[in-house]
2 protein chains.
Amino acid sequence: MTAPRLDRGDYGLLLLGLLGEREMYGYEVVSELRARSTAVIDLPEGTVYPALRRLERDGLVRARWVDVEGAPRRRYYALTTAGERALTEGRESWHRFTRAADQVLGG
Amino acid sequence: MTAPRLDRGDYGLLLLGLLGEREMYGYEVVSELRARSTAVIDLPEGTVYPALRRLERDGLVRARWVDVEGAPRRRYYALTTAGERALTEGRESWHRFTRAADQVLGG
DNA sequence: TCACCTACCTAGATGTACTAGGTAGTGTAG
DNA sequence: CTACACTACCTAGTACATCTAGGTAGGTGA
């Protein structure tokens with residue numbers, strides 16, 4: 001019964017977009033996404049952490065542990081060169097797609 | 001190794017968008033999508049036919065067989081009332097999403 | 001003591017796209 | 001008359017991402 005939602009894709013590109021600005025850790029990514037999109041994009045942690053792992057597995061991001069005083073340690077993620085390239089390409093194909101979709105949906 | 005693609009969602013909404021304009025049959029949907037999006041959205045038949053079936057199963061479209069002289073018969077699909085409502089809602093949430101995504105990706 | 005927040009993680013279910021086929025009818029070029 | 005191409009439909013199986021629903025652990029404040 002649920003209506004079809006075009007916004008259910010591979011969210012990896014959004015994570016690349018955030019990490020393209022600065023190094024971030026997983027939990028920060030979750031709250032940044034929510035803040036920046038005024039809660040429109042509200043990915044649960046169970047979605048974000050596996051997604052970051054996939055990006056790492058595919059060589060698009062690099063991770064490092066950082067100890068923090070008086071808090072659990074954080075796993076910071078940063079783009080690799082391949083990640084930056086993927087972000088650029090992904091952004092372009094995303095814009096191509098939105099233009100095409102608006103052509104179909106009526107912009 | 002493949003780069004993450006934000007444009008892999010549930011394409012059902014696009015089909016609703018097409019059918020919102022006029023009744024169409026499956027094969028027509030495939031070629032219309034390709035034509036209208038200048039081949040950016042190129043869904044294979046193996047994607048479109050099952051998607052139409054799902055929309056029908058969910059009560060968003062209604063199907064009828066039409067005999068054609070000198071050609072294989074066609075299965076025409078049209079929106080139901082629920083389908084029109086789903087299209088309106090889907091369009092809105094799609095626009096909310098693109099705005100939010102551009103906020104993250106850098107528009 | 002209890003609740004809550006940060007910060008990370010995973011197993012399993014669900015669901016969709018896509019691959020790679022298949023059937024059948026019509027028209028056409030060699 | 002044969003081979004190819006095009007229309008028009010269909011399905012089984014695979015791959016993969018989201019999401020649910022948990023869990024672990026350290027720290028803070030009532």
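Residue numbering restarts at 1 for every chain, and letters A, B, ... go by the order of the sequence lines.
The distance from atom CD of A/E56 to atom C1' of C/dC9 is 13 Å, rounded to the nearest whole Å. For B/L52 and D/dC10, the CG to C1' distance is 12 Å, given to the nearest whole Å. When the P atom of D/dA8 is taken as reference, atom OH of B/Y77 falls 14 Å away, rounded to whole Å. When the C1' atom of C/dA7 is taken as reference, atom CG of A/D67 falls 13 Å away, rounded to whole Å. At whole-Å resolution of the value, CG in B/L6 and P in C/dA17 are 15 Å apart.
Listed by residue number, the members of residues 14-35 of chain A with any heavy atom below 4.0 angstrom from DNA chain D form an empty set.
For A/R73, there are no side chain to side chain donor-acceptor pair (under 3.5 Å) partners two or more places apart in sequence or in a different chain. In this structure A/R99 satisfies the salt bridge (Lys or Arg N to Asp or Glu O under 4.0 Å) test with no other residue, sequence neighbours excluded. For B/V104, the side chain to side chain contact (heavy atoms under 4.5 Å, CB included) criterion is met by A/L14, A/L18, A/L33, A/R36, not counting sequence neighbours. Contacts of A/R74 classified as salt bridge (Lys or Arg N to Asp or Glu O under 4.0 Å), with partners at least two apart in sequence or in another chain: none. Remark: A/A71 pairs with A/V68 by the side chain to side chain contact (heavy atoms under 4.5 Å, CB included) rule, at least two apart or across chains.
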So which protein nitrogen or oxygen atoms get under 3.5 Å of nucleotides 1-4 of chain C's nitrogens or oxygens?
none

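Under the 3.5 Å distance criterion, the side-chain polar atoms of B/T80 are left unmatched by any main-chain donor or acceptor of B/R62.
Applying the ring-ring contact (aromatic ring centres under 6.0 Å, His included) test to every pair with at least one member in residues 13-33 of chain A, sequence neighbours left out, gives these pairs: A/Y25-A/Y76. Pairs passing the ring-ring contact (aromatic ring centres under 6.0 Å, His included) check and including a residue from residues 43-64 of chain A, sequence neighbours excluded, do not occur. Applying the side-chain hydrogen bond (donor to acceptor under 3.5 Å, both in side chains) test to residues at least two apart or on different chains, the pairs with a partner in residues 3-14 of chain A are A/R5-A/D7.
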Can you give each donor-acceptor pair under 3.5 Å made by side-chain atoms of residues 81-93 of chain B, sequence neighbours left out, with the distance rounded to 0.1 Å?
residue: B/T88; atom: OG1; partner: B/E84; partner atom: O; Å: 3.0
residue: B/R91; atom: NH1; partner: A/L105; partner atom: O; Å: 2.3
residue: B/S93; atom: OG; partner: B/G90; partner atom: O; Å: 3.4

5' to 3', nucleotides 11-30 of chain D under a 4.0 Å protein heavy-atom cut-off (B base, S sugar-phosphate only, - none) gives B-----SBBBB-----S---
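Residue B/R75 places none of its side-chain N or O atoms closer than 4.0 Å to OP1 or OP2 of D/dC9.
A/H95 places a side-chain heavy atom less than 4.5 Å from the side chain of B/D102.
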